[in-house]
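Fair warning: this is a prediction, and the values are worked out from it, not measured in the lab.
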Amino acid sequence: LDGDQSSFSILVEKYQDQIFSVCLSVLKNKIEAEEAAQDTFIKIYKNLEKYNGDSKFTTWTYKIAYRTSLDCIRKRKHTVGLDEVEFGIETTLEASDANIQNKELNNILQKAIHYLSEEEATIIRLFYLDEMNIQEVGQITGLSKSNVKVKLFRARKKLSEIIKTHFSEIVNYLEL
């Protein structure tokens with residue numbers, strides 16, 4: 001708040017992965033998500049004095065990231081297809097079979113999440129991957145608690161169907 005840029009760089013290091021994750025869940029494009037994350041940090045820096053402590057700092061930053069990502073969608077003329085999204089599985093020689101399976105299952109989950117709408121993907125990521133509570137998800141997305149619960153339930157159900165439809169053979173194979 002005093003304008004110390006080195007302190008802000010610590011803040012960026014601490015939150016960059018989470019901010020990028022929020023942007024990626026909305027935009028579903030790595031390059032656009034990186035740009036949105038950078039824009040988010042610029043907005044955070046310019047508006048630090050507006051943070052009043054009513055909510056957690058992470059909630060405040062996620063809300064900025066979410067809205068910045070939505071702004072990018074509004075500006076975008078085309079949509080990104082699943083085949084344009086890059087996914088990779090890192091394996092090492094010393095990695096165990098269980099570790100490899102977990103990475104592959106995580107990869108499948110990430111691909112399945114991309115079939116969800118921006119809002120559904122964001123709610124799933126915030127609640128399950130970032131372990132935020134219903135109230136925090138509501139503050140970030142601007143939805144009421146009850147609406148978050150309903151959308152979370154529907155997104156989980158939809159995600160389950162996506163996995164059953166598009167990835168069941170792979171998941172069954174990995175679970176053997």
Ser21 side chain to Asp17 backbone, donor-acceptor under 3.5 Å: no

Side chain Asn29, main chain Glu32, donor-acceptor under 3.5 Å: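 Answer holds: yes.
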
What distance do [X] atom [atom1] and [Y] atom [atom2] have between them, rounded to the nearest 0.5 Å?
X      : Y      : atom1 : atom2 : result
Lys56  : Ile140 : NZ    : CD1   : 10.0 Å
Asn147 : Lys145 : CG    : NZ    : 13.5 Å
Leu48  : Phe57  : CG    : CZ    : 5.5 Å
Thr141 : Glu136 : OG1   : CD    : 11.5 Å

Do [X] and [Y] make a side-chain contact, defined as non-hydrogen atoms from C-beta onward lying under 4.5 Å apart?
X      : Y      : result
Gln18  : Thr61  : no
Gln139 : Tyr62  : no
Leu143 : Val137 : no

Between Tyr115 and His166, how do the two ring planes meet: parallel, tilted or perpendicular, split at 30° and 60°?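 The rings of Tyr115 and His166 lie parallel, inter-plane angle below 30°.
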
Going by the rule salt bridge (Lys or Arg N to Asp or Glu O under 4.0 Å), which residues pair with [X] if we only count those two or more places apart in sequence or in a different chain?
X      : value
Glu119 : Lys151
Lys43  : Asp71
Lys14  : none

Donor-acceptor contacts under 3.5 Å from residues 120-131 side chains, at least two apart:
| residue | atom | partner | partner atom | Å |
| --- | --- | --- | --- | --- |
| Glu120 | OE1 | Ser117 | N | 2.9 |
| Glu120 | OE1 | Ser117 | OG | 3.2 |
| Glu120 | OE1 | Lys158 | NZ | 3.1 |
| Thr122 | OG1 | Ser25 | OG | 3.3 |
| Thr122 | OG1 | Glu118 | O | 2.8 |
| Arg125 | NH1 | Gln110 | OE1 | 3.0 |
| Arg125 | NH2 | Gln110 | OE1 | 2.8 |
| Tyr128 | OH | Arg156 | NH1 | 2.6 |

Please name the pair of heavy atoms, one in [X] and one in [Y], separated by the smallest distance, quoted to 0.1 Å.
X      : Y      : result
Cys23  : Ala33  : CB-O, 3.7 Å
Val148 : Gly138 : CG2-CA, 3.6 Å
Leu159 : Ile113 : CD1-N, 3.8 Å
Glu34  : Phe20  : CG-CE1, 3.6 Å
His114 : Leu24  : NE2-O, 4.5 Å
Ala65  : Thr40  : CA-OG1, 3.4 Å

For Val12, all residues meeting side chain to side chain contact (heavy atoms under 4.5 Å, CB included), sequence neighbours excluded: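 Here the qualifying residues are Phe8, Gln16, Phe41.
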
Who passes side chain to side chain contact (heavy atoms under 4.5 Å, CB included) against Glu35, sequence neighbours left out?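 Residues passing side chain to side chain contact (heavy atoms under 4.5 Å, CB included) with Glu35: Ile31.
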
Can you hop from Tyr66 to Tyr51 via hydrophobic side chains spaced under 4.5 Å?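 They do share one cluster, since a chain of ILVMFWY contacts under 4.5 Å joins Tyr66 to Tyr51.
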
Could you see if Tyr15 belongs to whatever hydrophobic cluster contains Ile42? Use Ile, Leu, Val, Met, Phe, Trp, Tyr and a side-chain cutoff under 4.5 Å. no

Full working for side-chain contact (heavy atoms from CB on, under 4.5 Å) between Ile44 and Trp60: CA-CA 9 Å; Ile44 290 170; Trp60 184 72; 3.9 Å; yes

